[in-house]
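Take a look at the structure below.
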2 protein chains.
Amino acid sequence: MKGPSESVKPATILDVARLAKVSKSTVSNVIRDAKGIAPQTIARVRAAIDELGYRPNVLARQLVQQRTNVLGVVVGDLANPFFSEMTKQIERYAGQHGYQVMFCNTQIDEHIELAGLRGLLDYRIAGLIFLAYAGDEESARLVTESRVPALFLTCTADWGDVVSPDDEKGGRIATEHLLELGHRRIAYIADPSVEDAADQARQSGYRRAMVKAGLPTAVYHWQGSEGKTLKETTIEKVLLGDDRVTGVFSSNDLGAIELLDCADRLGVRVPQDLSVVGFDDVMLASLRRINLTTVVQPKEMMARIAVSTIASRIKGELTGGHLRQIVDCGLIVRGSTAPLKKSKSG
Amino acid sequence: MKGPSESVKPATILDVARLAKVSKSTVSNVIRDAKGIAPQTIARVRAAIDELGYRPNVLARQLVQQRTNVLGVVVGDLANPFFSEMTKQIERYAGQHGYQVMFCNTQIDEHIELAGLRGLLDYRIAGLIFLAYAGDEESARLVTESRVPALFLTCTADWGDVVSPDDEKGGRIATEHLLELGHRRIAYIADPSVEDAADQARQSGYRRAMVKAGLPTAVYHWQGSEGKTLKETTIEKVLLGDDRVTGVFSSNDLGAIELLDCADRLGVRVPQDLSVVGFDDVMLASLRRINLTTVVQPKEMMARIAVSTIASRIKGELTGGHLRQIVDCGLIVRGSTAPLKKSKSG
DNA sequence: GTGAAAGCGCTAACAC
DNA sequence: GTGTTAGCGCTTTCAC
């Protein structure tokens, strides 16, 4: 690009063709590295391209090719560090595969999801990665009809590929960790930003461990999106009541951190009075002040698998039934859990 | 959409025209709400559209219109909660203005930025919002030549509109707060994820306050992107040395939180031994365990202004020199700052 | 090895 | 009011 073009309109393939004194098909062939072109022609075309600072119009190309290189990403809440980290990784791997990323934030609201999906599909995106799926039927219809490959990352649906951590195992090892520390009254607290199926699986792991230990289960749900209140009961009761719990497995780190905040406010000491285990291992979890024991999901690996899987689908290298790839997860023990301290009420 | 199309290829405007027994221009007119169409014709066309589940091909439309409704967003690090929150807000307002969002994450690396920018520009995006700008000349050339309106949000360049908090004031009030608490040895610690110009402005506010108080300044920089080490000196020396500081103004919350972590590790108590002020007011800052005194940027308002400004530029409603919109910011005092405790070395 | 020509699906004059 | 037509910038046969 020695001579930057001063024209207001970008150069087209025709401009290049004229300058190189060839036809536009030849220019097209050069751009696309077609074989069987005279070296000197290539050189002339390349020179013209550089001189004009020519860049192919992706819109025109994709119109004729009937496909784009845009990946749509549907995220529930980008402000949640787990999702922003995942989104970042997706963009990174997408770039490596030559894809551009378009995203929409849904707040897990069906209407917003539907509108966002329509916007993405109108763009004839090549593939769709869901980091959250509100479970709307209309969304499913829309996407399946459009024939765009869909992949559910850390969430689930039966109409697309799935890449997910072993939620059930995660829930189980988190609970077992608390059990091994001697805890008996252990609750599961669900955060609304965790997608339903994942929540169910984590919960099921929790239940299995509890049942195996012959203990009763207790499941609570955070109310609303920002509030620090529970549905149907109060956090005070759960943490301070007569039959208060001594261990909590939270369905994600954000919920666990919220819980730590509540505990601090109520004077409940962690881990002395209360042990807390999270899920995700977000960046904050490792801060000394949070120091959260949590289930680690291999975020980078999951993003990599997700992108390469959807890329294979797009290219048609991968066909047939929906793939369900479950990646292993492990527990990282930090300071939010400790052996149960025998107390008068213990 | 009563009869979902079973065909693998989406319906085109021609399919609709045939079904409604009109020409494709008439369909086009209906889609675009052109006036002067017979009501019954509109009805027939609408019915056909519904029956086929027709959706206009955005690519084709934008190719002929020579413009897209895609907004490009350049973000330095989406994993930084400040940027993910901003990105989320941008997408929200963009949607309200009818724009789709494409983004790229640059890690503030010039080469990645350049590649990402090229990808966005190849898509003939309508406008570009920078949440981080590596300051690369080549990037500037690329964008200005492409004639795509650029807007710098919480960062600065002289070749586009700017929407930014009053960084200088923020730095000043943060420092004044520490001064009012009686602190004298106050350092400024810069985090690399804060863009240069913003960093300079915040630093300048700090300097001004210090100079006015007749005190010497001390500026440090975190080393690398993740590390907890400083350039040219050690955090141990800053926090524990003979001439250790009692107050720190960090150029952003993430740096401040990192500092809290260091302090905890070194046994330096906050706020008893050390007062810390951040910048951004990210969600975590309000957690009891962090409880960070910080400068609040009106994130939502800035995103709104940014999107509506770039929308005006795109539509041509706004022309002429680059706008520079500075929004006010304030201090929110939490528990990470306290009056200087007189000690033997004070 | 290179070029001519036919679209991709749509918009926007301009006829009728 | 509605239809005809000429592109937007590119890819991709298929002749030469």
Side-chain angles (χ1 to χ4, degrees), chain A residues 5 7-46 48-49 52-70 121-126 146-147, chain B residues 5 7-46 48-49 52-70 121-126 146-147:
Chain A
S5 143
S7 70
V8 57
K9 311 218 71 175
T12 74
I13 200 171
L14 210 63
D15 298 325
V16 177
R18 275 192 289 260
L19 185 60
K21 304 205 189 300
V22 294
S23 76
K24 59 186 184 130
S25 344
T26 301
V27 178
S28 176
N29 287 333
V30 172
I31 298 170
R32 295 173 298 123
D33 300 304
K35 53 191 174 184
I37 315 171
Q40 62 207 31
T41 309
I42 295 185
R44 270 221 316 291
V45 172
R46 286 260 153 78
I49 287 176
L52 296 172
Y54 168 75
R55 299 234 92 205
N57 185 325
V58 177
L59 256 44
R61 166 180 296 169
Q62 299 189 338
L63 173 61
V64 49
Q65 288 187 154
Q66 307 265 57
R67 64 187 155 80
T68 66
N69 65 338
V70 180
L121 292 175
D122 282 354
Y123 252 90
R124 304 295 195 259
I125 49 169
S146 76
R147 297 272 189 280
Chain B
S5 143
S7 70
V8 57
K9 310 217 73 174
T12 75
I13 201 170
L14 211 62
D15 297 325
V16 177
R18 273 193 289 261
L19 184 60
K21 304 205 188 299
V22 293
S23 76
K24 61 185 185 134
S25 351
T26 300
V27 178
S28 176
N29 286 333
V30 171
I31 298 170
R32 294 174 298 125
D33 298 304
K35 53 192 174 183
I37 316 171
Q40 63 206 32
T41 309
I42 296 185
R44 270 219 320 290
V45 172
R46 287 259 153 78
I49 288 176
L52 296 173
Y54 169 73
R55 300 232 92 205
N57 184 324
V58 176
L59 256 44
R61 167 181 295 169
Q62 299 187 340
L63 173 62
V64 50
Q65 287 187 156
Q66 307 265 56
R67 64 189 154 79
T68 66
N69 64 338
V70 179
L121 292 175
D122 281 353
Y123 252 90
R124 303 298 195 258
I125 51 169
S146 75
R147 296 273 190 277

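By convention in this document, chain letters (A, B, ...) are assigned in the order of the sequence lines, proteins followed by strands, and residues within each chain are numbered from 1.
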- Task: Describe the nucleic acid contact of B:Leu63 in one word from base, sugar-phosphate, nothing, applying a heavy-atom distance below 4.0 Å.
- Result: base
- Looking at C:dC10, C:dT11, D:dT11, which one has an atom nearest to any side-chain atom of B:Arg32? C:dT11
- Query: In whole angstroms, how far is the P atom of D:dC8 from the CG atom of A:Leu59?
  - Reply: 15 Å
- Item | Value in whole Å for how far the P atom of D:dC8 lies from CG of B:Asn57 | 18 Å
- Please check the phosphate of C:dT11 (OP1 and OP2 only) for any side-chain N or O of B:Ser28 closer than 4.0 Å. yes
- In whole angstroms, the gap separating P of C:dA12 from NZ of B:Lys35 amounts to 14 Å
- Message: Please tell me if B:Gln66 has a side-chain N or O lying less than 4.0 Å from either OP1 or OP2 of D:dG9.
- Response: yes
- Task: Start with the C-alpha gap between A:Leu121 and A:Arg124, add the side-chain angles, then the distance that decides, and say whether side chain to side chain contact (heavy atoms under 4.5 Å, CB included) holds.
- Result: CA-CA 5 Å; A:Leu121 292 175; A:Arg124 304 295 195 259; over 6 Å; no
- A:Asn29 CG to D:dT12 P, in whole Å, measures 10 Å
- Query: Nearest to the side chain of A:Val64, which nucleotide is it out of D:dC8, D:dT5, D:dT11?
  - Reply: D:dT11
- Task: Starting from P on C:dG9, measure out to OH on A:Tyr123 and report it in whole angstrom.
- Result: 17 Å
- From the list C:dC10, C:dG3, D:dG9, which nucleotide is the closest neighbour of the side chain of A:Thr26? C:dG3
- Query: Nearest to the side chain of A:Lys24, which nucleotide is it out of C:dA13, C:dG9, D:dC10?
  - Reply: D:dC10
- Which distance, rounded to the nearest 0.5 Å, do you find between the CD1 of B:Ile31 and the OG1 of B:Thr26? 11.0 Å
- Nucleotide of D:dC10, C:dG9, D:dT12 approaching A:Arg61 most closely (side-chain heavy atoms): D:dC10
- Below 4.0 Å: OP1/OP2 of D:dG3 and any side-chain N or O of B:Ser23: yes
- Task: Take atom CD1 of B:Ile13 and atom P of C:dA12, then tell me their distance rounded to the nearest Å.
- Result: 11 Å
- Message: Return the CG to CZ distance between A:Leu59 and B:Arg67, rounded to the nearest 0.5 Å.
- Response: 12.0 Å
- Could you please name the option among D:dG3, C:dG7, C:dG9 that lies closest to any side-chain atom of B:Val22? D:dG3
- Message: Can you tell me which nucleotide in C:dT2, D:dC8, D:dT12 comes closest to the side chain of A:Gln65?
- Response: D:dT12
- Query: Side chains of A:Gln62 and A:Tyr123: is there a donor and an acceptor less than 3.5 Å apart?
  - Reply: no
- Message: Does C:dG1 have its OP1 or OP2 closer than 4.0 Å to a side-chain nitrogen or oxygen of A:Gln40?
- Response: no
- Task: Starting at atom CZ of B:Arg67, determine the distance to atom C1' of D:dG9, rounded to an integer number of angstrom.
- Result: 17 Å
- Message: Between B:Asp33 and B:Arg46 (salt bridge meaning N to carboxylate O under 4.0 Å), is one present in this structure?
- Response: yes
- Any B:Asn57 side-chain heavy atom under 4.5 Å of B:Thr12 side chain: no
- Message: Looking only at the side chain of A:Ser25 (C-beta and beyond, no hydrogens), which of the listed nucleotides D:dG9, D:dT12, C:dC10 gets closest?
- Response: D:dT12
- Message: Just the rounded figure in Å: distance from P of C:dG9 to CZ of A:Arg124.
- Response: 9 Å
- Note on the structure: Side-chain contact check for A:Ala38: nearest option of D:dG9, D:dT12, C:dG1 is C:dG1
